[in-house]
Amino acid sequence: MGNIDVQAFLEELYAQGQANDAHVQERGQKMLNLEPETAQFLHILLRSTRRKHILEIGTSNGYSTTWLAWAASEHGGHVVSIDRDPHKHELADANLRQAGLRELVDLKCGDATEIIANLSGPLDCVFFDADRYSAPAQVGLLLPKLAPDVFLLADNVISHPDEITGYLKTLDELPQFEKLVIPIGKGLSVAYRSA
């Protein structure tokens, strides 16, 4: 797919996710896709800083995963994306294939904390967009697997402040990281450690 085609596909995929979420009541069946402006910001950030080893926690239907893989494709990068829902795993697989980016993504289905414990590094970007309560423990497991020059990113900082407090406190205990919250979409936490 060309850039215009990927962009059009992502717009359609986001619209499908919004339509789904408007009609289903159970949270587990919602796609809860990243807002387009946040997704595009991540794409620009990761592409411009040449991220090659990206971990995403919270695949859903692959909307944000497609943005991340598209950015990684610019520099021969790769994405590992984790989701515990087998149905969403299948949706993400199909959507990444349609976007022509499936070969750049290692989709893992299961408990993110357990999967992270067995991942190897180094990772130069981690994007947290799933269960915010598990994120502090996941950061602890990831620390020895992070590249010196790494981004730690998390969505929903403004929309779910109570749920993400533990994650933000964990970041505060990492003095070598520069940190800020960008008021884009539902609030994006950006933490960066330079080499």
Side-chain angles (χ1 to χ4, degrees), residues 1-47 51 54-74 77-112 115 125-135 153-164 167 181-190:
M1 266 191 187
N3 286 350
I4 293 171
D5 295 334
V6 175
Q7 184 75 45
F9 173 74
L10 284 163
E11 289 172 10
E12 181 182 323
L13 186 57
Y14 181 77
Q16 290 172 3
Q18 291 294 99
N20 174 80
D21 292 1
H23 290 95
V24 299
Q25 299 300 316
E26 186 183 331
R27 182 174 173 81
Q29 294 180 352
K30 291 182 181 280
M31 297 302 136
L32 303 171
N33 289 147
L34 197 60
E35 290 70 30
E37 63 272 17
T38 307
Q40 186 172 9
F41 173 79
L42 290 179
H43 175 76
I44 292 168
L45 177 69
L46 301 188
R47 192 180 74 218
R51 301 292 112 174
I54 302 165
L55 171 63
E56 176 186 43
I57 303 166
T59 313
S60 188
N61 62 346
Y63 174 74
S64 56
T65 318
T66 302
W67 278 102
L68 298 176
W70 187 20
S73 72
E74 299 278 326
H78 189 80
V79 178
V80 174
S81 187
I82 305 169
D83 203 287
R84 62 180 164 214
D85 185 318
H87 174 65
K88 289 181 180 175
H89 182 92
E90 290 174 12
L91 287 174
D93 178 72
N95 287 327
L96 286 161
R97 287 182 192 284
Q98 192 171 340
L101 296 165
R102 180 62 182 91
E103 71 279 1
L104 300 179
V105 181
D106 182 6
L107 290 173
K108 295 188 176 289
C109 189
D111 179 82
I115 291 170
C125 180
V126 180
F127 177 47
F128 295 89
D129 193 23
D131 170 23
R132 290 166 283 278
Y133 295 112
S134 301
L153 309 166
D155 194 35
N156 303 112
V157 179
I158 295 171
S159 64
H160 295 78
D162 295 337
E163 293 180 21
I164 203 154
Y167 172 79
V181 173
I182 301 175
I184 187 172
K186 293 183 178 177
L188 183 71
S189 168
V190 177

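Position 1 is the first residue of the sequence; numbering continues from there.
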Colleague: Considering non-hydrogen atoms only, spot the tightest contact between S81 and V105 and give its length.
Modeller: CB-CG1, 4.3 Å
Colleague: Looking at D85 and H87, what are the two nearest heavy atoms and their distance?
Modeller: OD1-N, 2.8 Å
Colleague: Closest approach of N95 and N61, non-hydrogen atoms and distance?
Modeller: ND2-O, 2.8 Å
Colleague: Is there side-chain contact between F128 and D155, with heavy atoms separated by less than 4.5 Å?
Modeller: no
Colleague: What is the distance from atom CG of L46 to atom CZ of F127, rounded to the nearest 0.5 Å?
Modeller: 9.5 Å
Colleague: State whether the side chain of S64 and the backbone N or O of L34 hold a donor-acceptor pair below 3.5 Å, judged by distance alone.
Modeller: no
Colleague: More than 12 heavy atoms of other residues, nucleotides or ligands under 6.0 Å from CZ of R102: is that the case?
Modeller: yes
Colleague: Measure the shortest side-chain to side-chain distance between R27 and L32 over non-hydrogen atoms and say whether it is less than 4.5 angstrom.
Modeller: yes
Colleague: Could you list the residues that satisfy side-chain hydrogen bond (donor to acceptor under 3.5 Å, both in side chains) with R132, not counting sequence neighbours?
Modeller: N156, E163
Colleague: Look at atom NZ of K88 and say whether more than 12 heavy atoms of other residues, nucleotides or ligands are closer to it than 6.0 Å.
Modeller: yes
Colleague: Hey, what's the ring geometry for Y14 with Y63, parallel, tilted or perpendicular (30° and 60° as the breaks)?
Modeller: tilted
Colleague: Which atoms form the tightest heavy-atom contact between G58 and D83, and what is the distance?
Modeller: C-OD2, 3.8 Å
